[in-house]
Amino acid sequence: MNKIKNKHIDFPNLDSIIIVGTFFSLWLAVIFEDVIEHVMAYIFILSFGILHGANDLNLIQKAESKKKSTRNYIKILLYYVLFVFGSVLIFYLVPSLALVVFVLFSGYHFGEQHFISKTIRASFKTNVLYFAYGTFILFLLFNSNNLSTSEIIKTIIDYSIPISVFKVGLLISGIISAAFSLILVLKNELKINPIKELFFIGIFFVVFKTASLLWGFAIYFVLWHSIPSLYDQIFFLHGKINKRSFRSFVVTSLPYWLISVAGLLFLLFLFRDNLEKSLAFFFSFLAAITFPHVLVIKRLNQNQNQN
């Protein structure tokens with residue numbers, strides 16, 4: 001049976017490819033100025049980053065067909081679009097709340113993608129690990145670029161937060177991640193190589209410290225999250241990964257991808273003379289299309305565990 005994260009299919013070369021891509025991106029960060037980094041980051045995010053969340057409707061339909069559900073495409077599409085617009089409205093009406101929810105949702109989603117294939121079964125403890133690890137990565141990024149992050153947050157919510165918040169968040173999420181990783185490993189509910197995981201965190205630290213906020217985020221979001229997620233989704237939909245299945249995935253993703261990219265490009269053009277404001281709206285729009293995607297992947301993983 002196809003699964004959103006097939007635990008019997010391993011891609012031994014994927015980690016190596018991602019690591020090589022990361023160090024190449026890091027080299028680009030050293031030789032180019034921030035302006036060039038931002039352009040590259042937008043290209044990265046608008047291509048593979050948005051693409052990995054552009055096939056949610058087909059993923060839902062595939063899952064529903066397995067459950068023999070009678071929900072039709074139009075109804076699913078309507079719910080999805082309303083959710084995106086609702087997210088945009090929350091960012092407009094209560095930006096501080098929306099920002100916190102975005103960080104929490106994204107944190108859980110990043111952690112889930114990283115550990116889902118390494119967990120033996122879903123439980124409260126694994127959910128805590130997903131959430132803690134993902135937020136740890138985000139706070140590592142924020143703390144490494146604390147001034148830039150603080151400026152963007154101020155633009156979104158209209159007031160400053162202490163930089164110490166990033167350090168405290170990093171410390172707490174790091175302790176919880178380590179504790180629950182140890183508990184799950186000792187209970188044989190998590191299969192990881194601790195040295196390898198620490199090596200990955202070391203890579204993230206170097207990347208986030210060297211690159212600008214946007215380029216660092218793009219490197220992690222695309223190489224370490226979106227590309228592995230694309231592998232999982234293509235396998236779930238087509239049962240195999242090759243040029244034909246990738247082409248089919250891109251074609252079915254095209255309508256939503258084009259709409260998302262057009263919206264983001266419009267925002268970037270609108271605020272092209274104000275970097276902080278353009279980044280603030282960019283992340284806000286990204287958050288709006290992230291919320292439903294996180295719920296879709298969570299639902300699919302829940303269905304997998306029930307089968």
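Not counting sequence neighbours, the partners of Thr252 by the side chain to side chain donor-acceptor pair (under 3.5 Å) test are Asn55. Considering only residues two or more places apart in sequence or on other chains, Ser245 meets the side chain to side chain donor-acceptor pair (under 3.5 Å) condition with Asn242. Judged as a ring pair (Phe, Tyr, Trp, His ring centres under 6.0 Å), and not counting sequence neighbours, the contacts of Tyr256 are Tyr80. Residues passing the side chain to side chain donor-acceptor pair (under 3.5 Å) test with Trp224, sequence neighbours excluded: Thr22. With sequence neighbours left out, the ring pair (Phe, Tyr, Trp, His ring centres under 6.0 Å) criterion links Phe246 to no other residue. Scanning for side chain to side chain donor-acceptor pair (under 3.5 Å) contacts around Thr126 gives an empty result, with sequence neighbours left out.
At distances below 3.5 Å, at least one donor-acceptor pair connects side-chain atoms of Gln233 with backbone N or O atoms of His52. At distances below 3.5 Å, not a single donor-acceptor pair connects side-chain atoms of Ser248 with backbone N or O atoms of Arg244. At distances below 3.5 Å, not a single donor-acceptor pair connects side-chain atoms of Ser229 with backbone N or O atoms of His225.
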For side chain to side chain contact (heavy atoms under 4.5 Å, CB included), just list the numbers for Tyr130 and Thr119, CA-CA rounded to whole Å, side-chain angles, deciding distance to a tenth of an Å, and then say yes or no. CA-CA 10 Å; Tyr130 298 161; Thr119 51; 3.1 Å; yes

Chi angles and distances behind the side chain to side chain contact (heavy atoms under 4.5 Å, CB included) call for Ile297, Leu59: CA-CA 9 Å; Ile297 299 301; Leu59 291 171; 4.2 Å; yes

Side chain to side chain contact (heavy atoms under 4.5 Å, CB included) between Leu141 and Asn145, intermediate numbers included: CA-CA 6 Å; Leu141 172 66; Asn145 298 272; 3.8 Å; yes

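The distance from the CG atom of Asp232 to the CD atom of Gln113 is 5.0 Å, given to the nearest 0.5 Å. Atom-to-atom distance recorded for Leu138:CG and Thr149:OG1 is 10.0 Å, nearest 0.5 angstrom. Annotation: the span from Ile36 atom CD1 to Ile31 atom CD1 amounts to 10.0 Å, rounded to 0.5 Å. Separating the CZ atom in Phe115 from the CG atom in Leu129 is a distance of 4.5 Å, to the nearest 0.5 Å. A distance of 9.5 Å separates CD1 of Ile241 from CG of Leu230, quoted to the nearest 0.5 Å. Rounding to the nearest 0.5 angstrom, the gap separating the CG atom in Leu223 from the CG atom in Leu14 is 10.0 Å.
Under the 4.5 Å side-chain heavy-atom criterion for Ile, Leu, Val, Met, Phe, Trp and Tyr, Leu258 and Leu51 are members of the same hydrophobic cluster. The hydrophobic cluster containing Val222 does not contain Val20, counting ILVMFWY residues as joined when their side-chain heavy atoms lie under 4.5 angstrom apart, directly or transitively. Residues Phe124 and Ile116 share a hydrophobic cluster, clusters being chains of Ile/Leu/Val/Met/Phe/Trp/Tyr side chains in contact below 4.5 Å. Follow the hydrophobic side-chain contacts under 4.5 Å out from Ile183 and you never reach Val128; the two are in separate clusters. One hydrophobic cluster holds both Leu26 and Phe24 under the rule that ILVMFWY side chains link at heavy-atom gaps under 4.5 Å.
Of all the heavy atoms in Ile157 and Ser96, the pair that sits closest is CG2-CA, 3.5 Å. Among all heavy-atom pairs drawn from Ala211 and Gly216, the shortest one is CB-N, 3.8 Å. The two atoms that bring Ile219 and Ser25 nearest to each other are CD1-CB, 3.6 Å, heavy atoms only. Looking at every heavy atom in both residues, Phe32 comes nearest to Met40 through CD1-CE, 4.0 Å.
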Kindly list each side-chain donor-acceptor pair under 3.5 angstrom involving residues 163-180, sequence neighbours excluded, with atom names and distances?
from	atom 1	to	atom 2	distance (Å)
Ser173	OG	Gly169	O	2.7
Ser173	OG	Leu170	O	3.3
Ser177	OG	Ala132	O	3.2
Ser177	OG	Tyr133	N	3.1
Ser177	OG	Ser173	O	2.7

Taking only distance into account, with no hydrogens and no angle test, what donor-acceptor pairs under 3.5 Å do side-chain atoms of residues 194-208 form with protein atoms, sequence neighbours excluded?
from	atom 1	to	atom 2	distance (Å)
Lys196	NZ	Asp15	OD2	3.0
Glu197	OE1	His114	NE2	2.6
Glu197	OE2	Lys118	NZ	3.0

Under 3.5 Å, side-chain donor or acceptor atoms of residues 99-108 against the rest of the protein: list the pairs with distances, not counting sequence neighbours.
from	atom 1	to	atom 2	distance (Å)
Ser106	OG	Phe102	O	2.8
Tyr108	OH	Asn127	OD1	2.7
Tyr108	OH	Lys298	NZ	2.6

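Counting heavy atoms from C-beta on, the side chains of Trp257 and Val250 never come closer than 4.5 Å.
Ile43 shares a hydrophobic cluster with Val39; the chain of contacts runs through ILVMFWY side chains whose heavy atoms sit under 4.5 Å apart. The hydrophobic side chain of Ile17 is isolated, with no ILVMFWY side chain under 4.5 Å apart from it.
Ring-plane geometry between Phe221 and Phe217 is classed as parallel, the angle between the planes falling under 30 degrees on a 0 to 90 degree scale with a further cut at 60.
Applying the side chain to side chain donor-acceptor pair (under 3.5 Å) rule to pairs touching residues 207-223 yields Glu37-Ser212, sequence neighbours excluded.
Summarising the local packing, CG of Asn193 is surrounded by more than 12 heavy atoms from other residues, nucleotides or ligands at distances under 6.0 Å.
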